[in-house]
Amino acid sequence: MAKAKDTIFFCKECGYESAKWAGQCPACHEWNTFVEAPSQKIPKGVSGTARRSLRLNPEVKPVSMSEITATERERTQTGMQEFDRVLGGGIIPGSLVLVGGDPGIGKSTLLTQLCKNLSDQGHKVLYITGEESLAQIKLRADRIGSFTDNMKLLSETDLETIESAIRSEVPEVAIIDSIQTMFSPEATGAPGSVGQVRECTNLLMQLAKGIGVSIFVVGHVTKEGVVAGPRLLEHMVDTVLYFEGDKHASYRILRGVKNRFGSTNEVGIFEMRSDGLKEVKNPSEFMLTGRPENASGSIVSCSIEGTRPILVEIQALVARSGLGNPRRSSAGIDYNRMNLLIAVLERRLGLSFSECDAYLNIVGGIRINETALDLAVIIALASGYLDFVVDAGTIAIGEVGLSGEVRSVNLMETRVLEARKLGFQTCIVPKSSLASLKNISGITIIGVDNVKDAINKVRK
Ligand code: TYD
Ligand code: MG
């Protein structure tokens, strides 16, 4: 029988394990990343019984649910309602939170503001940066305001030094900016490589749970939109938040993707100003400022972000194309969804979009992936194509099916009430939703069956 090997090969980048060496990793397709390492199997020559006793600790005993006493530990308020909402009501002591986002989106600003609020309330915080010098941090901090001595800064990338600093300072909250710059001498690879990220996160996790400090870790996002390093990072931490938005627009959304201590369908909305991030308490008003008057191709719809309704303006520009292959572009809406809706218009209403370029945009740079916007997209495109103006006080909500039928979406009442609150007079909804909306007064609700019906209702 072949002798069992006591070393294995694993990929430095993604951690993939294999018995044989390979030039290219089958999991992450990186070249020359395989290294040999001792396997951690139980040594040979140990009998079956001994093996089992190695694995099983006789002291370990399962307990029944009723024997466990757990009280919700006090959460620390961040001083930003939008942030608290996404965390599920505040910071849990000893939690490890990953804040992901594109470079330059405002992660460091958000966390510096968090530190300011916490230190102003008398909590001890430690901000550790591996990206910027202390002077750079100071420049940013000066834009945000003045800081008390409860906030301490450290510029360091060696995680062991950081660990001892945290152990001696014992802050309530520590910030690690960013995980990709940190390294642990224990692990191989350059900072930011998978092995390093995994080792560092592990260390931080143990530290957080061990001494009860809450740690916020910044993670940069790759082109594909995931936190650099493996998915593994997301599995290891308690909470994953993404900070997103268009760099050229001023609003930012903080979205919970995973939360061991709360729900994930909450978002926090912020605006980037010259003096830091400001919370946006009324996002609909914010999104609709500066709407053009009497312009074709524009209509408002209502999306639900988390549990909150947000009104957004959808704009379409349809122009005769000089090319055989007309140009299509969408910002804020899924490109394929737009093509599908254009096909519905072409087929069900006979509008020949194949001769036209079409551009679609959600104003404000917000990205929305919700079928409730379909009807408004259809109306905006038709309005752009046929060059008619939709009344500015009209809003459209509904999903559009492939036969051109308009279908109901969830939380219809919440959406219509938000439109009424912002002074809209007419609401175009699917006919099937009318029954559930009959108690709403103060706004004219029009039910439609299909897209043709809808366009006839808004066309003057
Ligand atoms: P930053 O927090 O450094 O981004 P990240 O840590 O995610 O890489 O902030 C990036 C941008 O925010 C930067 O381009 C400048 C802008 N900014 C403001 O507009 N106002 C401010 O008060 C601050 C501090 C930054
Ligand atoms: Mg930063």
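Whatever order the structure lists ligands and atoms in, that order sets their numbers, starting from 1. Everything quoted here is computed from the prediction, not taken from an experiment.
Residue contacts with ligand 1 for Thr112 are absent, since no atom lies close enough (heavy atoms, distance under 4.0 Å). Of all the heavy atoms of Pro103, the ones lying under 4.0 Å from any atom of ligand 1 belong exclusively to the backbone. The proximity of Lys107 to ligand 1, defined as any non-hydrogen pair under 4.0 Å, involves the side chain as well as the backbone.
Regarding atom 24 (C) of ligand 1, its nearest protein heavy-atom neighbour is Arg140 CG, 3.4 Å. Gly106 N, 3.1 Å is the protein heavy atom nearest to atom 4 (O) of ligand 1. From the protein, the heavy atom lying nearest to atom 22 (O) of ligand 1 is Gly276 N, 2.6 Å. Here the heavy atom of the protein found nearest to atom 19 (O) of ligand 1 is Met272 CG, 3.3 Å. The nearest protein atom to atom 1 (P) of ligand 1, hydrogens excluded, is given as Thr109 OG1, 3.5 Å; this is a heavy-atom distance. Of the protein's non-hydrogen atoms, the one nearest atom 15 (C) of ligand 1 is Arg143 NH1, 4.4 Å.
Here is the list of ligand 1 atoms found below 4.0 Å of a heavy atom in Arg273: 18 (C), 19 (O), 20 (N), 21 (C), 22 (O). Every atom of ligand 1 is numbered from 1 in the order shown, and the set under 4.0 Å from a heavy atom of Ser274 is 20 (N), 21 (C), 22 (O). Distances below 4.0 Å separate heavy atoms of Asp275 from the following atoms of ligand 1: 22 (O).
Using a cut-off of 2.8 Å, one finds that Thr109 contributes no N/O/S atom close to the Mg ion (ligand 2).
Remark: the backbone N or O of Ala396 is paired with a side-chain donor or acceptor of Ser301 at under 3.5 angstrom. Side-chain atoms of Lys124 come within 3.5 Å of backbone atoms of Glu169 as a donor-acceptor pair (strictly under, hydrogens ignored). Counting only distance, with no hydrogens or angles, the side chain of Gln24 and the backbone of Asn32 share no donor-acceptor pair below 3.5 Å. Between the side chain of Lys258 and the main chain of His235, a donor-acceptor pair closer than 3.5 Å is present. Checking side-chain atoms of Arg415 against main-chain N and O of Asn410 turns up a donor-acceptor pair under 3.5 Å.
Inspection of the His220 and Gln180 side chains reveals no N or O donor paired with an N or O acceptor under 3.5 Å. Checked by atom type, the side-chain pair Glu160/Ser184 shows no donor-acceptor distance below 3.5 Å. For the 3.5 Å distance criterion, the side chains of Thr181 and Glu131 fail to qualify, holding no donor opposite an acceptor.
Not a single protein heavy atom sits closer than 4.0 Å to atom 13 (C) of ligand 1.
The cationic atom of Lys107 (NZ for Lys, CZ for Arg) does not lie both less than 6.0 Å from the six-membered ring centre of Phe243 and within 45° of the ring axis.
Ranked by closest heavy atom to atom 11 (C) of ligand 1, the top entry among Ser108, Ser178, Ala141, Gly104 is Gly104.
Two rings, from Tyr251 and Phe270, have their centers 6.0 Å or more apart.
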